[in-house]
2 protein chains.
Amino acid sequence: MPASQAPTGDNPTGSDDRDKPQVSLWERLARPAPTPRTTLTPHRIAEAAVAIADTEGLDAVTMRRLATALGVAPMAAYRYVSGKDELIELMVDFAYGQLPLDTPADSWREAMHSMAVHLRAMNLAHPWTVRAGAQWTVRAATQFFLSPNQLAVPERAFAALAESGLDADTTMAVFRTVSGYVHGSVAAEIALQTLRGDNGWSDGDETRAGLAPRMSYLMGTGRYPNYQHYLHQATRKDDPDWQFETGLACVLDGIAAHFGI
Amino acid sequence: MPASQAPTGDNPTGSDDRDKPQVSLWERLARPAPTPRTTLTPHRIAEAAVAIADTEGLDAVTMRRLATALGVAPMAAYRYVSGKDELIELMVDFAYGQLPLDTPADSWREAMHSMAVHLRAMNLAHPWTVRAGAQWTVRAATQFFLSPNQLAVPERAFAALAESGLDADTTMAVFRTVSGYVHGSVAAEIALQTLRGDNGWSDGDETRAGLAPRMSYLMGTGRYPNYQHYLHQATRKDDPDWQFETGLACVLDGIAAHFGI
DNA sequence: TATCGGTTGGATACAACGTACACACGGAAG
DNA sequence: CTTCCGTGTGTACGTTGTATCCAACCGATA
C-alpha cells in the first residue's frame, strides 16, 4: 500500500485506528473472519438492528437494546462496528440491499420511474433510513451512496441511461435530479407518517383534528390566507401516491424536455 | 384574543401540560410575558442556539452549552421551551425567518425559481436545518412548515401560483414538487459539504483523495463499471450551483409541460 | 493429547446528555 | 409592608455511547 502516508504515526499501547480506521467498514468486513465464531456476524447485527428500528423506531436502537436482542453483552457488537456510526451505515446498506436488482426497462424513463418507485417503497418500509442519512451524515451518508448496496443504485441508473447518449455530466444530473426529488418528497411523506404514528392518528381527518389547536392559532393570525384557502379547497391532501406520482411525472417530463430525450 | 378557547384550563400547582402542551409553542410565546424580565427571551434563546449551531454544528447545541452562551443556569431555558424539541423548533423558525419576504416575480416560474434559490441559500447558511427536520420529526417537522416563518413559504408560493389558474390540488402538487426537489438535492449537497468540513478537505480533488481508500475497495470489486466510468468522465462534479440549477430547470420545465402553464 | 496465540464476547466504569424537582430571588399588586 | 407569581439556580437521576481490561474459546501445532 504505497498510496497515502500515515498522517499521525502509530501508537504503541492500545488501538491503532485512532483518528480514522482508514480501511472502510466494507473492506474490513469482506476479509473472512479467521476464526468463524458463529454467534455474532455483521449480517446478524444488521438484521437485528433493522428489526428494532422497523418496529420501535430509530431511537430504540441503542447499543444495549441491540445487545439484548442479540443475546450478548452490550459491548459485543463493537468487535464488528467501530461505533454507532458504522452500525447505522450497516443498517442503511442492509435496507438498500432489499431493493430489487433486476428492473428490466424499455426506456430511460421507465428505468428512472422504476428506481424512484422502488426507492420510495424501501424508504417507506424503513422510515428511519431518511433520518439516518441526515443524522449520521459523515459516515452513513445516505445521499452519497458510498456503501455496496447504495452504490448499486446509481450504477443501475447509469446503465439504464447509457443508451440515451447523454454525456457524463448530464447523465449524473438526471440521476441527481430524480434521486433528489425522491429523497425530498419521501422525507416529507415520512415526516407526516411519523407524526401520525406517534400521535395515533389513523387517517387524514384525525390528523387535521389533532393539529387543529396548533393550526387554529396560526391561521388566526391572518398571515396565511392563500395557504388556508388552498388547504380548504384541496381534495387529494390524503393521497400520497398521487402526490408522489404527479411530482415524479413532472420531473421526468422536465428531463425529457430539457435534454431532448 | 378571543380566538381559541383554552383546552385544558389553568394549572394550580406546578406544570399542568403533562402529556402534550396542547397550546403550541407559538401561541404560548405570543402572549406577552406578564413580567418582562429582560435577561432571557425566546428571541435571545433562538439567536444563541443558532449561533452555536452555525459555528460548531448541531451536536454542539446542548442545553448546557446554550445556557453557558446565554450566561444562565443549565435549566433556565426550560422556562421558555418545554424541551429540546421545541428549542430546535425555535431554531428552525429563526432560520426560516431570514428568508426574504418580498420577492417580486413576473411569473409563477420566476417565483418558484426564486423560492428554490432562497431556500437553498438559507439551508446552506444553516446546514443543520436539514438535519433538524429529520431528527426531531415530530415537532420541528421542517417539511410541514408548521411554524410561523415556515408557513410563510407555502403562503408566498400559493400567492404566486394563484394567477396561473390551477386548481388547489395541482397548486399544492407544484409546490410540493419544487420544495421536494430543493429539500432532497440540498440535503445531498449539505451532506457532502459536511463530510468535507469534518475532514478538512477543501476542494473536490482533496475530497476524492480522502475518499480514495474507501472507493478503491468498492471499485475494485468490479460491481460498478458504469458508475466508475461516468465519475471519471464528468467534469462538473464540483459545481454544485450548476447541478442545482440544472435539476431545478428540469423540474420547472416539467411542471410547465405537464400542466400546460 | 497438551499447549499456545489470537480472536471473541463479558464486565466494569466514566463522561456527557436531557431533564425532573425543589428552592431562592425580585418586582408588581394589595 | 406583605403577598404572590413569574423567573432563574442547584442538585440529582436515568440513559446513552464507548474506553478498557479480562476471561473463554477455537484451531493449529508439538
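Computation of the quantities below employed the complete heavy-atom set of this structure, encompassing side-chain atoms and omitting hydrogens, waters and symmetry-equivalent molecules.
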Lys/Arg N to Asp/Glu carboxylate O, B:Lys237 vs B:Asp203, below 4.0 Å: no
Find the distance between CD (A:Glu47) and OG1 (A:Thr41) and round it off to the nearest 0.5 Å. 10.0 Å
Gap between atoms CZ and P, on B:Arg44 and D:dT7 respectively (whole Å): 15 Å
Considering only NZ, NE, NH1 and NH2 on the basic side and carboxylate oxygens on the acidic side, decide whether A:Arg131 and A:Asp59 come within less than 4.0 Å. yes
Length of the CD1-C1' vector between A:Ile88 and D:dT16, whole Å: 13 Å
C:dG26 P sits how many Å from B:Leu40 CG, rounded? 17 Å
note: A:Leu70, atom CG; C:dT8, atom C1'; distance rounded to Å ~ 14 Å
What is the per-nucleotide protein-contact pattern of nucleotides 12-18 of chain C, from the 5' end, where B denotes a base atom under 4.0 Å from a protein heavy atom, S denotes such proximity for sugar-phosphate atoms only, and - denotes neither? B----BB
Note: for B:Gly71 and A:Arg79 on DNA chain D, the residue whose nearest nucleotide lies more 5' is B:Gly71
In sequence, state the C-alpha distance, the side-chain angles, and the governing distance for B:Asp93 and B:Trp26, and then conclude on side-chain hydrogen bond (donor to acceptor under 3.5 Å, both in side chains). CA-CA 10 Å; B:Asp93 191 70; B:Trp26 313 110; 5.8 Å; no
Round to the nearest Å and state the distance from A:Leu87 atom CG to D:dG17 atom P. 9 Å
Rounded distance in Å - OH (A:Tyr80) to P (C:dT7): 12 Å
Contacts of A:Ala116 meeting side-chain contact (heavy atoms from CB on, under 4.5 Å) (sequence neighbours excluded), chain-then-number -> A:Val178, A:Val182, A:Phe244, A:Leu248
Supply the atom-to-atom distance A:Tyr96 OH to A:Gln150 CD, rounded to the nearest 0.5 angstrom. 5.0 Å
